[in-house]
Amino acid sequence: MIFPYKIGTSLTAQTGVSHLSLFLIAALPFLGAVFPALLIRAGRNAAASAAGLTTFLALMGLLIHIPSVMRGDVVTARFDWIPGLGLNANFMLDGLGFLFALLILGIGLLIILYARFYLSREDPMGQFYTYLLLFQGAMVGIVLSDNILLLLIFWELTSLSSFLLIGYWRHLPEGRQGARMALAVTGSGGLAMIAGMLILGNIVGSYDLSVILQNKELIQASPYYLPALILILLGCFTKSAQFPFHFWLPHAMAAPTPVSAYLHSATMVKAGLFLMARMWPVLAGTDAWFYIVATTGLITMLLGAVIALFKDDLKALLAFSTVSHLGLVTMLLGFGTKIAAVAAIFHIINHATFKAALFMTAGIIDHETGTRDVKRLGGLRHLMPITFTIGTIAALSMAGLPPLNGFLSKEMMLEETVHTTWLHSHYLVPGLALLAALFSAAYSFRFVAHVFLGPERDDYPAHPHDPPVGLWLAPAFLVVLVVVIGLYSAAIVGPLVAVVSSAVIGGEKLPYYSLKLWHGFTPALYMSAVATLGGLFLLSLHKRGENLWNALPRPEAKTIFDAIIGGLTRLSRRITDELHNGVISRYAIILITFTVGLGYYAYATGTIGVETRIPLPAQPIPIIGWICLVGATLAIMWFHRNRLLSLVLIGVVGLIVSMAFNYLSAPDLALTQISVEVVTMILLLLSLNFLPTETPWDSSAPRRWRDAAISVVAGIGSGALIYALMMRDFAFPTISDFHLATSYKGGGGTNVVNVILVDFRGFDTFGEIIVLGIAALIIFALTEAVLSTNVRGYLLNRKPHWPQSGDSHPLMMVVATRVMMPIALMVGAYIFFRGHNQPGGGFIAGLIVAIAYLMQYMASGYTWAIERQRFYYHGTIGWGVLIAAATGLGAWFNDRPFLTSDFGYIHWPPLEEFEWATAILFDTGVFLAVLGAVMLALDSLSRFAWQPGMAQEFPMDINPLRDDPPEEEQEKEQA
Amino acid sequence: MEALVASAVGVMTAAGIFLILRRRTFPVILGLSLLTYAVNVFLFATGRLALNAPAVLNKYEDVPYTDPLPQALVLTAIVISFGMTAVIVMIALSAYLSSKDDHIDMSASDSVDAPGEDA
C-alpha cells in the first residue's frame, strides 16, 4: 500500500551532477574493498590494481571539484537518512575537506603502489588492500561529513579498520598488542567524543556541521561549552597521539611499514587535527581552548622530539617525531589566531609529504638491509644512493632547512610563538618551541648521519642495495613535492593554503601572510639558525647524551597502560564473576523480582483511571474452559515431576488457549495456535525420548515456598494489570482504526490481521521469518555438532525408556496418512489463498503443510520419508526469505519504499472476480520460510533417534523381534 | 469474561514462573511454554475483548471489529516462540546428552578459567 507519510529518501540536488559524486567518493573505497579480497585469486597484481584503480577513481572524483573548491564554494550532497534522530547522510566539500581528502586519496594511491612491492609472498595481500580501502573510506567519510553523527560513525570506523591494519601481522605479539592498544586508546577517546558531539548538537539544536559552524556565540556562551570542549578534545588528542595519550603511536609501529606510512603521516593521526581545524571556528578563541590545546601541543612537541632523538629503531624515531609534529600543529591551532591556523594548515601539507617519504625510506632500509636498528646501520650512502637521496632530502625538510618545505612552515610556527604569551610569560612558549625545534633538527640529522653517512660496514644482516623502482617511486614523488613546494610555495600550494585556511577560520578574511623563503632578518630566522646549529651540536654529543638518557629513570608508558588495563580487566572480571556465576535460576529470580518491584513502584506512584468499559458476560462454556485451563495449569505445577503427564496437561492448556482465541474474535490466532500446538507437542515428545522421564526432587522445601511466593505475586500482578487494562478504553487513539479503514482500500484485503502482517507491518514479518530461519539453522548446527561427538555412539546403542510396539509403522496409520496427504496439502493451499480476505495466510498454511509432512515421518518412518525428500529444508528457508525480499525490492522499481505492495482485480469468466496482490508473493515467502524452519527443526531432532537397525524396516513391515526384553531373548537362545 | 481472562493470565504466569525457577531443564522448558501462553494472551487482551467481531471486513453491512493489531503481533509471536522453544529444547537435549546432567545451573567444576592475555 502507499504510505500516507513520506519516507525521507530525497536527494536535494544543488549543483547538478556533482552532488552525487560526493557520495561516490565516500562510497567508492568501501565498494572497492570487496575486489582485492576476491581478485587475490587472480594474483597479487590484480588485487593491487583493483585497490589502486578504486582509489584513483575516487581521487578523480575529488579532483573534478577543484574549480568550485578553489572558488571557495562549498559542494554539498544531502540525503536524509534517519531524520527523526537528526542523522543525515550529508556530505560537504570545502577547502579543508578537499585538502584532507586529497592527502588521504593521493598518499593512499602511493601507498598502494609501495605496498605491492613491500609485502612479501607470505603476507595475505588481498586482505591487506581490503583493510586499507576500508580505512581509506572511513577517513574520506570523516573529512567529507557534514553531519556530526555521521562523522562519529566514520570516526569509529577508522578506529576499527586501523585495528585490523595495525594487527595485520597477527602472528607477531607486538602487532596484536599494538593494535589492541591503539584500539583501546582511540576507541575510548572516540566514546568521549561522541558525548561531546551530542552536547554540541544539543546546544545548537542541529547535528549538521554547517549549522553548528554558524553558531559560535551560542556555543561559547553555553554553560556546557567546557564539558563539550573537553570531551571533543579527548577524542582528538587520543586520535592524534597528544600527550598523555601519545604512547599508542610508537607501539602501532608493529604494523607493516606501508600501514605506518599511511596511518601516521597522512591519515589516522591527522583525523584529530582535522577535527580541531574543523571545529576551530566555533570552539577556538577562548582561554580554555588556548590553555588546553596550545599547552598540550607544546608539551607533546617537546616530549616527542626529545624521545625521538634517543630511539634506535628507525620507525620508533619517526613515530616520536610524528608525535612531535602533531604537537606542533595542535599548538598552532591552539593559539587561536588566524595566522597560526594558516601555519598549521601549511605544516599539515608539508608534514604529510616528508613524513610519508621518510616512513617509506625506513621501510626500504628495513626491506633491503634486514634491520632498522640505527646502531647496526651506517655508511649506506654508496650502497643505496637513491634511497640516500630521498631519505636525506626528506629528513632535512623535517629538520627545517631551507629551501625545503619543512623550513617554511617551521619558520611560520616560530614566528607565531614569539607573539604568544602564556600566563604573562613572553619567553616560555618561544623558548620551549625553540628547544623542540632544536631536538627536532638533531634527530633529523641523526637519521641521515647514523644511517647513510659514516664508514661502510661489513656486518649488515643482508647485503644492502637499492630497491626496485616500484618501492622508491612513491617516496621519490613525495620528495620532489618537498623540494618544489619549498622553492615555489606561493605558486604551487599558495592558492590551496588560502582556500583551506579560509575554510578553517570560518570564511572570514584571511590575515596577511606570504609563503616565501626569505622574510628578512626576523626573530624566527635567528631561532631557526640556533635550532639548526644546536641540533648539529647535540648530535655530536649524542653518545654522552644517550648514556645520560639511559641512566635517567623514565616512566614506561606501556607498563602503566598495561597496569591500568590489567586492573580494569581484573575488576570487571570480578564483577562479572560475582554477578554472572552460572546459576541461571538466580538470574531468573533477580529479573522477576526486579520486574515485579518495578511494576509495584509504577502502581504505587502512578494514578489509575476509572473503569470505562462494561465487562462482557461470562457464559457457561467459557467458564468450563476456564476451569479446564486453570485446573490443567495447577496440575502441571503439582505433577510436573512426571514429565509425560505434564506434557499432556500443557497440551490441554494450549488447546483451551486456541479455543479462547477463536471465541474472542481472533480466528487467525486460533488457527495458528492450534497448528503450533501440534508441532510443539511432537517436538517435546520427541525430546522426552532422550531425557529422563522424571524430575527428581532437588530443591529444599523453603526454597520451593520462596519460589511459589514469588510466582504467586508475579501472577497476581500480571493478572491485575491486564484486568485493569481490559476494563478501560484506550487513553489515546490507536493506529488500528487506520488499519481497519485502509486495509481494503490500500492493501486490497479484507482480513485485516493478514494485511497487517504482509503489508502494513511487512518489514516486521520479514525480520521475523529471518529469525525463525536462523533458529532452525541453529538447531541444525547444534545437531551436527552434537552428532559429531561421542554422543552419537551413545545414541546408537540407546535403549528406549518405554517398551516399543512391535509394529513400528502401523498399517492403519500409514494408509491413513498417505491418503490424507493430498487432502492436507489442499487444506494448506486453501488456507493460504484465502488468507488475504479470510482467516488464514502464509504462517498458518506453512504450519499445516509442515504437519502434513510430519505425519508421513511419524507413520512411515524417518528413513522412508527422507528417501523421498527432494529438497533440503535449508533451501526452503532460504527461498522463502529471498522471495519475500525480492517482493519487497520490487517496490523499488516502481519508486516506492521497500515492501510497498500493489494489487488489482482479475475477472476470468465464469469465475467470480478475484483479487491479486503482490502481498501474496510475500506471503509465499513467509509460507516457505515457516515450512522450512519447522521441518528443519523437527528433522534435526529426529536424527537423534535414528538407529542403524531401523533402516531395514519399511512401513507396514512387522518385526516381531523388535525390542524384545533381553531375558526372553536369552531364554530363546538357551531353548 | 474479563475476569476469567485476567485470572487465567495470572495463573499461567504464576505457574510458568514457578517452573522456570526449577533446576532441571525440562520443567524450565515447560515453564517457558506456559509463560508464552500467558504473555500471548496478555498481549492479545491489550486489544480489549470482543465477541463475534473478527477483524475481517464485511462488505455488506456495518459491523463492529475487534482490534487487529495485537492479533497480528501475537500471531508472529506464537510462531517465533515455537522457534525459540525448539532452540532451547535442542540446547537442553544436547547438554543432557553430552554431560548426562540436566541441571540448568553451572556447578563450580563447570566454570573454566578465563584465558589469559596473549603475550
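In what follows, chains are A, B, ... by sequence order, proteins preceding strands, each numbered from 1.
Proximity to chain B is absent for every atom of A:Val713, based on heavy atoms less than 4.5 angstrom apart. Neither the backbone nor the side chain of A:Ala776 comes within less than 4.5 Å of any heavy atom of chain B. Interface remark: A:Thr633 contributes backbone and side-chain atoms alike to the contact with chain B (heavy atom separation under 4.5 Å). In this structure, chain A has a heavy atom under 4.5 Å from the side chain of B:Phe44, while its backbone stays farther away. In this structure, chain B has a heavy atom under 4.5 Å from the backbone of A:Pro617, while its side chain stays farther away. Neither the backbone nor the side chain of A:Glu694 has a heavy atom closer than 4.5 Å to any heavy atom of chain B. If you measure heavy-atom distances from A:Leu795 to chain B, the contacts under 4.5 Å come from the side chain alone. Interface remark: A:Val753 contributes backbone and side-chain atoms alike to the contact with chain B (heavy atom separation under 4.5 Å). At a 4.5 Å heavy-atom cutoff, A:Val755 makes no contact with chain B through either its backbone or its side chain.
By number of non-hydrogen pairs under 4.5 angstrom with chain B, the leading residue of A:Ile769, A:Val786, A:Leu782 is A:Leu782. Of the residues considered (B:Pro68, B:Gly83, B:Ala92), B:Pro68 shows the highest number of contacts with chain A, using heavy-atom pairs under 4.5 Å. Most heavy-atom pairs under 4.5 Å with chain A, from the set B:Thr46, B:Val41, B:Asn58: that is B:Thr46.
Taking both residues in full, the closest heavy atoms of A:Pro615 and B:Glu2 are given as CA-OE1, 3.4 Å, listed atom of the first, atom of the second, then distance. Annotation for A:Phe730 and B:Gly47: closest pair CZ-CA, 4.2 Å, computed over non-hydrogen atoms. A:Val791 and B:Ser98 make their closest contact through CG2-CA, 3.8 Å (heavy atoms, listed as atom of the first residue, atom of the second, distance).
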Side chain to side chain contact (heavy atoms under 4.5 Å, CB included) for B:Arg48 and A:Leu725? Distances and angles first, verdict last. CA-CA 8 Å; B:Arg48 314 302 190 257; A:Leu725 212 59; 3.9 Å; yes
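With sequence neighbours excluded, no residue forms a salt bridge (Lys or Arg N to Asp or Glu O under 4.0 Å) with A:Asp737. Among residues two or more places apart in sequence or in another chain, the salt bridge (Lys or Arg N to Asp or Glu O under 4.0 Å) test is passed with A:Asp729 by A:Arg613.
In this structure a side-chain-to-backbone donor-acceptor pair under 3.5 Å is present from A:Ser665 to B:Ala50.
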